[in-house]
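Both ligands and their constituent atoms are indexed starting at 1 by order of listing. Only heavy atoms go into these numbers, but all of them, side chains included; no hydrogens, no water, no symmetry mates. On a predicted model such as this, the values are computed, not experimentally measured, just so you know.
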Amino acid sequence: MALQEATRLFSISQAPVDAASAEDLRQVLRFHEHRYYVKNDPLISDAEYDLLFKKLQQFEADHPALVTPDSPTQRVGNSIGKDFTTVQHLVPMLSLENSYNAEDLLDWDRKAHELTGLEQVDYCVEPKFDGASISLIYEDDLLTRGATRGDGVDGEEITGNIKQIRSVPLSAAFSAYGIRQIEVRGEVLLNKSNFKRYNDQLAAQNLPPLANPRNAASGSLRIKDTREVAKRNLEAFLYHVSYVLPADNAPEQHALNSHSGMLDMLWQLGFKSPVAEKRVFNNIGAVIDYCQAYEARRDDLPYEIDGMVIKVNNLRLQDKMGMTTHHPRWAIAYKFKARQGTSKLRRIEFQVGRTGSITPVAKIDPVPIGGVTVSSVSLFNEDVVREKDLRLGDTVLVERAGDVIPYIVKPLTDLRDGSETPIVFPKNCPVCGDALFKPEDEAVWRCVNINCEAQVVERIIHFGSKDAMDIRGLGEANIRKFYELGLLKDIPGIYTLDFEKIGRLEGFGRKSVENLQTAIQNSRQQPLNRLIFALGIRYVGETTAKTLANAVQHLTDFTRHTEETLLELEDVGIKVARSIHEFFSHKDNLALLQKLEALGLQLKNEKKERAATGNLNGQTFLFTGTLKQLKRSEAEGLAEKNGGAVLGSVSAKLNYLVVGEDAGSKLEKAKKINTIKIISEEEFLSLLSS
Ligand code: IVH
């Protein structure tokens with residue numbers, strides 16, 4: 001549907017009154033789904049979409065006979081706990097032959113020329129998506145079945161879960177291409193930012209994170225509650241047509257003679273197919289260049305890819321080349337440098353975190369993985385070690401997926417020789433010796449001695465870190481050094497450091513001492529929300545810290561709050577409320593706050609004191625990426641000084657997103673809400689002076 005048409009229908013289809021206007025509204029909803037999920041370029045906000053969606057839902061509830069199987073409302077599933085049935089693919093799902101370097105591709109190219117007997121063979125090159133493969137069947141334009149790959153011949157029927165992937169159309173006009181039935185293949189993915197968000201949620205509940213987006217995608221497809229599947233925000237790239245049943249008397253279509261044409265057709269019909277990513281080349285040299293260039297920017301993509309796929313573009317030639325028992329001869333995967341490696345597990349270090357959590361960390365022989373040497377791998381908690389049955393001396397398979405931290409996939413048990421020994425968990429804190437404790441509903445053991453040296457040092461490190469008080473020059477290494485030398489023993493000690501002594505330490509010149517002094521001095525002026533975050537109260541992240549700062553005039557006002565009054569604050573649940581209440585009930589913590597105030601830190605909520613006036617009155621801001629002229633904290637300060645408010649995350653409440661270099665997921669998210677104005681640092685500065 002064209003934009004104009006959608007806009008026209010949008011204006012007339014506010015509330016459907018009959019079958020025809022309900023279908024109009026469905027078209028409008030499909031149009032916006034496509035803009036959002038396939039083209040990443042929405043035209044209306046989530047709230048506006050939801051409103052339209054509810055109108056349709058209401059109409060269909062009132063007129064159940066008028067519900068159509070491909071209505072956007074029919075994605076909303078309710079199949080809970082049903083086992084998946086096994087179904088046979090129309091055509092077996094073969095895997096691809098792998099290649100790892102230019103020579104491999106040159107060999108394959110030679111064979112392609114031999115097999116086809118042609119001087120010139122055109123290749124279509126596209127990313128090799130690293131997710132879970134699926135196959136979809138459409139009959140008479142309707143999605144009738146979705147299945148996992150399974151063993152390649154039979155897969156699991158997961159139609160209900162596939163319908164939760166909003167970029168997969170429930171109906172598509174294949175009939176316009178003379179197609180009655182079609183089997184389409186693709187890959188389901190969880191993009192990097194949704195993966196991270198999901199893992200952050202797990203971490204907040206002290207659960208071990210999912211290993212990588214690929215496992216997350218295949219796990220998500222097997223969840224038995226479709227509503228849970230919907231929450232994962234899965235995406236699907238469709239990249240292959242494995243079977244076509246033409247309609248009776250369908251004329252031959254030229255678009256369907258090439259792989260590239262098939263991808264175009266899928267895109268035209270509303271699927272997310274790699275049309276922007278694919279390239280057709282007539283020589284292998286150009287193919288190799290494209291693959292290598294893509295590998296170089298692998299980390300910049302919003303999703304994981306593990307290589308490129310090269311396909312003979314002409315479908316008749318594909319048929320002519322045929323397949324072996326395992327793979328088609330007309331395609332090959334070009335695999336990027338491995339992000340897996342094997343190494344020996346030598347010992348386990350039990351690290352004590354800021355909140356006393358004990359994390360087992362595997363120390364392995366250094367192994368290069370995807371350009372980084374890995375020697376230390378977190379195992380998260382005791383359950384992870386037990387589930388994987390890890391033993392000291394094991395050879396382990398280690399993986400590092402993009403910017404995901406490395407993890408141990410599994411021990412290679414076939415390589416055991418009997419000398420491996422079990423991993424024994426300590427009963428006492430490895431640093432202070434106090435007995436460890438494991439709360440019933442948690443997976444993590446804790447040292448509950450808040451004076452435990454390890455915790456004290458971790459708290460100081462967090463306090464000075466970039467997102468907290470941002471004390472440059474007081475990084476982890478210096479804090480540990482000062483602590484060992486007795487120059488720094490707690491957080492207030494930062495503000496009474498003996499700079500003369502520091503100046504005499506090796507590696508500290510006059511300039512670096514001066515810089516450190518200035519950074520510490522500046523941190524006294526950090527706004528209250530940063531101080532709250534810096535205190536490291538359990539479950540209080542940057543966003544909650546902002547909410548808390550806005551709720552009081554002075555930090556110690558929290559001593560008068562109860563769990564109930566805390567629960568009234570935005571996004572504060574019972575766990576968070578309990579933790580905040582506990583913090584402000586502890587006399588040591590109150591003494592700490594008093595000391596910090598006496599040292600000149602900002603415990604007042606300046607914004608509450610000052611009637612906000614200025615150019616930005618009442619407007620909300622969020623900054624993302626690296627700014628060129630201002631530090632992030634300066635920019636936030638300027639916004640607030642001029643009457644604006646700084647939010648912690650992208651939501652419909654946000655008026656301006658100020659974007660610096662290398663902006664990431666916040667920008668992507670903001671683009672989807674069309675009421676947010678996305679501006680540059682320069683535009684922000686001119687707003688201030690306008
Ligand atoms: S084509 C008959 N294209 O890689 C050929 N596969 O080992 C069908 N994959 O099982 C596969 N991206 O799950 C093809 N652009 C792409 C792909 C792709 C990822 C996966 C697919 C397949 C595996 C091959």
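Between Gln201 and Asn199, the side chains place no donor N or O within less than 3.5 Å of an acceptor N or O (distance only, hydrogens not considered). Under the 3.5 Å distance criterion, with hydrogens and angles disregarded, a donor-acceptor pair is assigned to the side chains of Ser175 and Asp141. Between the side chains of Thr226 and Glu228, no donor-acceptor pair is found at a separation under 3.5 Å.
Annotation: Val309 places no N or O atom under 3.5 Å from an N or O atom of ligand 1; distance criterion only. For a threshold of 3.5 Å applied to N or O pairs, the pair formed by Ser95 and ligand 1 contains no separation below that value.
For His327 and Trp108, the ring centers sit 6.0 Å or farther from each other.
Every atom of ligand 1 with a heavy atom of Ser133 under 4.0 Å away is listed here by number and element: 13 (O). Those atoms of ligand 1 that come under 4.0 Å of a heavy atom in Pro328, given as number and element, are 2 (C).
In this structure, Lys335 does not pair ionically with Asp104, as no charged nitrogen and carboxylate oxygen lie closer than 4.0 Å. Taking a cutoff of 4.0 Å between a charged side-chain nitrogen and a carboxylate oxygen, Asp389 and Arg416 qualify as a salt bridge.
Counting only heavy atoms of the protein, atom 12 (N) of ligand 1 lies nearest to Phe129 N, 3.0 Å.
Contacts of Tyr239 with ligand 1, taken as heavy-atom pairs under 4.0 Å, involve the side chain alone. Within the 4.0 Å heavy-atom criterion, both parts of Lys128, backbone and side chain, lie near ligand 1.
In this structure, of His240, Arg185, Arg149, Lys311, the residue bringing a heavy atom nearest to atom 1 (S) of ligand 1 is Lys311. Comparing heavy-atom distances from atom 24 (C) of ligand 1 across Leu96, Ile134, Asp306 singles out Leu96 as nearest.
Note on ligand 1: Glu126 sits in its first shell, one or more heavy atoms being nearer than 4.0 Å. Using a non-hydrogen distance threshold of 4.0 Å, Pro127 registers as a contact of ligand 1.
Residues that satisfy the side-chain hydrogen bond (donor to acceptor under 3.5 Å, both in side chains) test with Asp365, not counting sequence neighbours, are Arg346.
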